[in-house]
Peer 1: 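Handing you a structure now.
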Amino acid sequence: MADQTSARRKRRTSQEINDRILSSARETFQVLGFGGATTAAIAARAEVSEAQLFRHFPSKAALYREAVFVPLNAHFCAFLARQTKDADKAETARERARDYIVELQDFLGDHGKMLLSLLVAEAYTPEQSPRVGEIDSLSAYFDRGAAIHASRVGALSESDPQLMVRVSFAAMLGCVLFKDLLIPQGLASEKAIQGAVTAFMLDGVSDHADSDPGG
């Protein structure tokens, strides 16, 4: 009787199982990518059976979309909303750009692996996985970034703002995701690294709009 009572207490709700599967899938996809992850591995990590997994998600692609694609889109939407809300708080365009770059680094530090997983999935299994281009909020991010860049540099820009914002995003994503591989431990603090990335993004990819004409 005691064993039966214990079993009933340990029985998980459908929502708990769903949440465990999503958490397991998110972690597994980030490590192994879409192609390398299997539903068997995801189920084992979630401590559920594959049959339970497929009762909640009809396919690996559907699980990938729910575990990685949907939350990443939501995170970008929230990031854009904060940026729009705080756009007028900084006094100068440079201060706004600095605040934006710092927050984007924090965002990529939290969610960059999810984005990388999606990029790899699109590169190697495009017929099965959701496409990066389908992330409406990412497209909105690029459009807004291009508009900001165009407003800052105007006719001084030597490159298409849409191209510049994508190159800048790729550079920052690389800096964040490969920081531990490229920067030896002890070389600099997290704050110093973030400051260096911010300085690079402000001055190294600015088309020299803010540079001293006599410099």
Peer 1: Phe57 and Ala62: which non-hydrogen atoms are nearest, and at how many Å?
Peer 2: CD2-O, 4.5 Å

Peer 1: Same cluster for Met172 and Leu202 if Ile/Leu/Val/Met/Phe/Trp/Tyr side chains link at under 4.5 Å?
Peer 2: yes

Peer 1: What are the two closest heavy atoms between Ala67 and Arg26, and how far apart are they?
Peer 2: O-NE, 2.7 Å

Peer 1: Is the shortest side-chain heavy-atom distance between Asp106 and Gln194 below 4.5 Å?
Peer 2: yes

Peer 1: Checking Glu47 now: which residues fulfil salt bridge (charged side-chain N to carboxylate O under 4.0 Å, His left out) with it, not counting sequence neighbours?
Peer 2: Arg20

Peer 1: Could you check Val48 against His56 for side chain to side chain contact (heavy atoms under 4.5 Å, CB included), going step by step and ending with a plain yes or no?
Peer 2: CA-CA 11 Å; Val48 301; His56 286 261; over 6 Å; no

Peer 1: Quiz question: by atom type and distance under 3.5 Å, do the side chains of Asp180 and Gln185 form a donor-acceptor pair?
Peer 2: no

Peer 1: Is the backbone N or O of Thr13 less than 3.5 Å from a side-chain atom of Glu16, with the two atoms forming a donor-acceptor pair by type?
Peer 2: yes

Peer 1: Say whether Phe54 and Leu63 are linked into one hydrophobic cluster, either directly or through other cluster members, by side-chain heavy-atom distances under 4.5 angstrom.
Peer 2: yes

Peer 1: Using 0.5 Å steps for rounding, measure from the OG1 atom of Thr198 to the CD1 atom of Ile193.
Peer 2: 11.5 Å

Peer 1: So, for Thr39 and Glu50, which heavy atoms are closest and what is the spacing to 0.1 Å?
Peer 2: OG1-OE2, 2.6 Å

Peer 1: Going by the ring-ring contact (aromatic ring centres under 6.0 Å, His included) test, which pairs reach into residues 167-186, not counting sequence neighbours?
Peer 2: Tyr141-Phe169, Phe142-Phe169

Peer 1: Please find the pair of heavy atoms, one from Thr28 and one from Ala37, that lie closest to each other, and give the distance.
Peer 2: CG2-CB, 3.7 Å

Peer 1: For the atom pair CD1 (Ile101) and CE (Met201), what is the distance rounded to the nearest 0.5 Å?
Peer 2: 5.5 Å

Peer 1: Identify the heavy atoms of Leu22 and Glu66 that sit nearest to each other, and give their distance.
Peer 2: CD2-CG, 3.6 Å

Peer 1: Within this structure, what is the CG-CG distance for the pair Leu177 and Leu173, rounded to the nearest 0.5 Å?
Peer 2: 4.5 Å

Peer 1: Once rounded to the nearest 0.5 Å, what's the spacing between atom CD1 of Ile42 and atom OG1 of Thr38?
Peer 2: 6.5 Å

Peer 1: Going from CD1 on Ile17 to OG on Ser49, what distance comes out if it is rounded to the nearest 0.5 angstrom?
Peer 2: 8.5 Å

Peer 1: Drop me the distance from Leu53's CG to Ile21's CD1, to the nearest 0.5 angstrom.
Peer 2: 4.5 Å

Peer 1: Please report the closest heavy-atom contact between Ala171 and Phe200, naming both atoms and the distance.
Peer 2: CB-CE2, 4.4 Å

